[in-house]
Amino acid sequence: MYNVVDGVRREIQSGIIAGLARSGILEVLGDFTENDIPVEYTREKAHGDFATPIALVLAGKVKRKPRDIAETIVEHMETGKEKTRYVQRVEIAGPGFINFFLGRRWLEDVLRAIMEAGSTYGRSRMGHGTRILLEFVSANPTGPMNIVNARAAAVGASLANILEASGYDVSTEYYVNDAGGQINVLGRSCELRYLELKGEDVEFPEWGYQGSYIVDIARLAMDKHGKELEAMETEERAEFFRDFALSRMLADQKTSLSRFGVEFDVWFSERKLVDAGAVSEVIDILKQRGMVYQADDAFWLRTTECGDEKDRVLVKSDGDYTYLAGDIAYHKNKLERGFDLLINIWGPDHHGHVTPTRAGLEALGYPGSSLEVLLLQFLSLMSRGERVKMSKRAGEFVTMDDLIDEVGSDAARYFLLMRNIESHLEFDLGLAKEHSQANPVYYIQYAHARISSIFRQAEEQGIALSDVDGSDLSNLAEDAELDIIRKLAAYPDEVVMSAIERTPNRLAGYALDLAGLFHSFYNSHRVINDDSDLTMARLALSGAVRTVLANVLGLLGISAPHEM
RNA sequence: GCGCCCGUAGCUCAGUGGAUUAGAGCGUCUGACUACGGAUCAGAAGGCCGCAGGUUCGAAUCUUGCCGGGCGCGCCA
C-alpha cells in the first residue's frame, strides 16, 4: 500500500523485461514474467541502491556469458528509454550484476509515504484475506503460566499482529485442556489440601500437584464456600473441587496473559467438544472412510498411509479415546469453521504429534498443508551466569507473573522475541532488568522517547510543528540521514518477510538497527538548529523514525513511550 | 537405532544462494557534549562460518557423509 520500494522494484523489473523483450532473449525463456526478476538491496553504496543478478541467473538457460547478457539487456533498456521515476543510472558490475542508481526522489517519496500512512505504514494486503487460525500457549490448566508459556505467548501474539498487518484474517485461539485425567488430579490435589487446612490428617500423595498455588486455591474454596463444603457428599465435593480449581486456574492464566498484553479471540474448551460428541463422530467418519482397524482390543488409525512411520491408536483397549483422537476432532472443528490455514505453536516435546495429527486430517480428506506447526524451542533462564533451575513437579518454577514482576512486560516481550523460534533461548534476567545500553529494549524505546523529547523541545521554541509535513526534504543530504531513510524504506518488506517466514525476531532486529541509526545521527547532527528549513526537514525525518519505531514496537507487543 | 532442530568472534546470537572486507550486542581496550535526554555516540581488537566431499558462474546458505549438542520416538496429555 505505501511501499515505495515496491514501486522501485516494479520500475526496475519492467525495465529489465523490456530490455529482454527488445533484445530477443525473452522469447527463448518461455514462461517468464517480471516477478521472476529478483531485485535486491545492495550492501555497498558503490553498487548503487538496488541490483539484479538476473544476467547470472539466465546465463545457464541462454547459454551466454552473464556479463554479455547484462550488456545486451542494458543496451536495449537504453534504446527503449522507458519513463523512469526513480532510476537515474544503470551500471554493469562484477560478474554481471546490473546495478541501479536511484535519484533522491525515492527517498523523499518514502518519507512522504510514512507521513501520510502514519500508523498504517508497513501494512499490506499480501495475505489477501486468507483466514488463519493461530493457536498458541494452550497450557494445561493445572498450574500457573511458566516462562515457556511466556515465550509462546510473546511469539504467538506478535505473529498474529504481523500476519494481520500483512493482510491475513487472523483469529487467535487458546485450547483449554479441561477434559483429561489431569483435571481429576488437580481437583483431588486441591481437595486434599482443603482437608489438610481443616486440620485432618492427610498424607499428600506423590502424584498430586505439589505447588503452593494448590493450597491457595484450597484456602479460597474454604473461605468462600466453607459451609456448602461441609454439607457435601464425597462425590459432590470431588466434583466441586474439579470445577472450582479449573475455573480458578483458568482465571489466573487469563490474568497473567492479560498482564503480559496477550489476549485471545477464542478460548476453546476441549470438554465441550467431547461432550458434543465430536470425538466419537470423527472416529465414525474415519471408520467409514476405511482408515480405522481393530487390533489388540484397540482401534487404530492408518496414519502410515499418510506418511507416518507407524499407525496410531485412536481408542484404547479400555474404551477411552487417546489425545490424538481428540486432537483430530479439534482440528477438524477448526477447519469446519472456515479457516484456510491452521497454525499451531507447539513445544519441541510435541514434535512427535505433528505427523499423526496431520495424517488424521488427511485421512478425513483435508490437505496436509492445511496444518502448519511451529515448534518453539525451550528457553533457559540465566541469572548472574547461573542457570535458574525449573522443575514443575517439585513446584519450583519461574512463572510468567514472576517474570513480569522481575523485568517488566516490555523487556520480557523483547527478550522472548529476539531469537529465532527454533533456537534455544538463553534469557539473561540480569540484562533484561538493566536500564542501560546493554539492554536492547531500552535502547529502542530510548530512541522513540528521545524523538518525542525533540518535538517537545521544538514546540517550546515556538517551531510550528504543523509545517513539518510540508518541509522541503531536499535539505536532507547527510549520509546519516540517507541511511536512515533507506532503512525506513525497507520496513514494509521486513514486515512481509517476517510474516512469510514466521519470524518475529526479524522485526526485533530491525527495530534495534533503526534505533541505532537514529542514535548515531542524533549524536553527529543537530535536529533543531539555526537553519529553519533544515530543522523542518530533520523534524520530518525524526517524526518518520518515530512512526516506524512505534509501528514495529506495536507489532512486537512492546510499548513506545514518549518519555522514560 | 530412527526423526526433527542447532553448531558462525571469548559469550549470546543475526545473516540461509549473490559481489574485495561474513554482521550486531555483551565482554575487553581507546576516545566524545558549557548545544535538542550520556539509558547516547565514535573507534580498536577479536572468525579455517563444526570437519570433509558434491552441485553452482557464485556456498555460512543447497546436498551427502562424519563429529558435537538439544528434543522427540506410549493404548500419557
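Proteins get letters first, then strands, A, B, ... in listed order; numbering begins at 1 in each.
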[atom1] of [X] versus [atom2] of [N]: gap in Å, rounded?
X	N	atom1	atom2	answer
A:Y510	B:G25	OH	P	17 Å
A:N505	B:A24	CG	C1'	13 Å
A:Q377	B:C13	CD	P	12 Å
A:E40	B:G58	CD	P	17 Å
A:I451	B:U40	CD1	P	15 Å
A:D513	B:C41	CG	P	12 Å
A:R419	B:U16	CZ	P	16 Å
A:L425	B:C11	CG	P	18 Å

Mind checking the [atom1] distance from [N] to [M]? Whole angstroms is fine.
N	M	atom1	value
B:U63	B:G18	P	15 Å
B:A19	B:A60	P	10 Å
B:A9	B:U61	P	15 Å
B:U56	B:G72	P	41 Å

May I ask you to decide whether [X] forms a salt bridge with [Y], counting only side-chain N to carboxylate O separations under 4.0 Å?
X	Y	answer
A:R312	A:D308	yes
A:R9	A:D493	yes
A:E135	A:K334	yes
A:D49	A:R486	yes

OP1 or OP2 of [N] sitting under 4.0 Å from any side-chain N/O of [X]?
X	N	value
A:T322	B:A77	no
A:Q457	B:G37	yes
A:Y522	B:G38	yes
A:Y330	B:A77	no
A:K310	B:G74	yes

Taking the minimum atom-to-atom distance to the side chain of [X], which one of [options] wins?
X	options	answer
A:T42	B:A19, B:A77, B:C75	B:A19
A:H519	B:A35, B:A19, B:U40	B:U40
A:R450	B:G18, B:C36, B:G38	B:G38
A:S317	B:C75, B:C4, B:C36	B:C75
A:Y442	B:A39, B:C4, B:C75	B:A39
A:F97	B:G18, B:C5, B:G15	B:G18
A:N420	B:G3, B:G15, B:A77	B:G15
A:V57	B:G18, B:C36, B:A77	B:G18
A:L512	B:C41, B:A24, B:G15	B:A24
A:H47	B:A19, B:C57, B:C73	B:A19

Paired with A:L416, the side-chain contact (heavy atoms from CB on, under 4.5 Å) test is passed by just one of A:I147, A:L556, A:N505, A:L379, namely A:L379
For A:H525, answer base if it contacts any base atom (sugar-phosphate contacts may also be present), sugar-phosphate if it contacts only those atoms, and nothing otherwise; contact means non-hydrogen atoms under 4.0 Å. base
For A:G352, answer base if it contacts any base atom (sugar-phosphate contacts may also be present), sugar-phosphate if it contacts only those atoms, and nothing otherwise; contact means non-hydrogen atoms under 4.0 Å.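 Sugar-phosphate, no base atom in range.
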Mind checking whether A:F427 and A:F415 have parallel, tilted or perpendicular rings, split at 30° and 60°? tilted
Do the ring planes of A:W267 and A:F264 sit parallel (below 30°), tilted (30 to 60°) or perpendicular (above 60°)? perpendicular
So, under a plain 3.5 Å distance rule, would you say the side chain of A:S453 forms a donor-acceptor pair with the base of B:C36?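 Flag unset: no donor-acceptor pair detected.
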Kindly indicate whether the side chain of A:N99 and the base of B:A19 share any N or O donor-acceptor pair separated by less than 3.5 Å? yes
Identify, between A:A51 and A:E309, the residue whose nearest nucleotide on RNA chain B lies closer to the 5' end.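 Mapping each residue to its closest nucleotide by heavy atoms, the 5'-most match is A:A51.
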Which is more 5' along RNA chain B, the nucleotide nearest A:A59 or the one nearest A:D296? Just name the residue.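 Result: A:A59.
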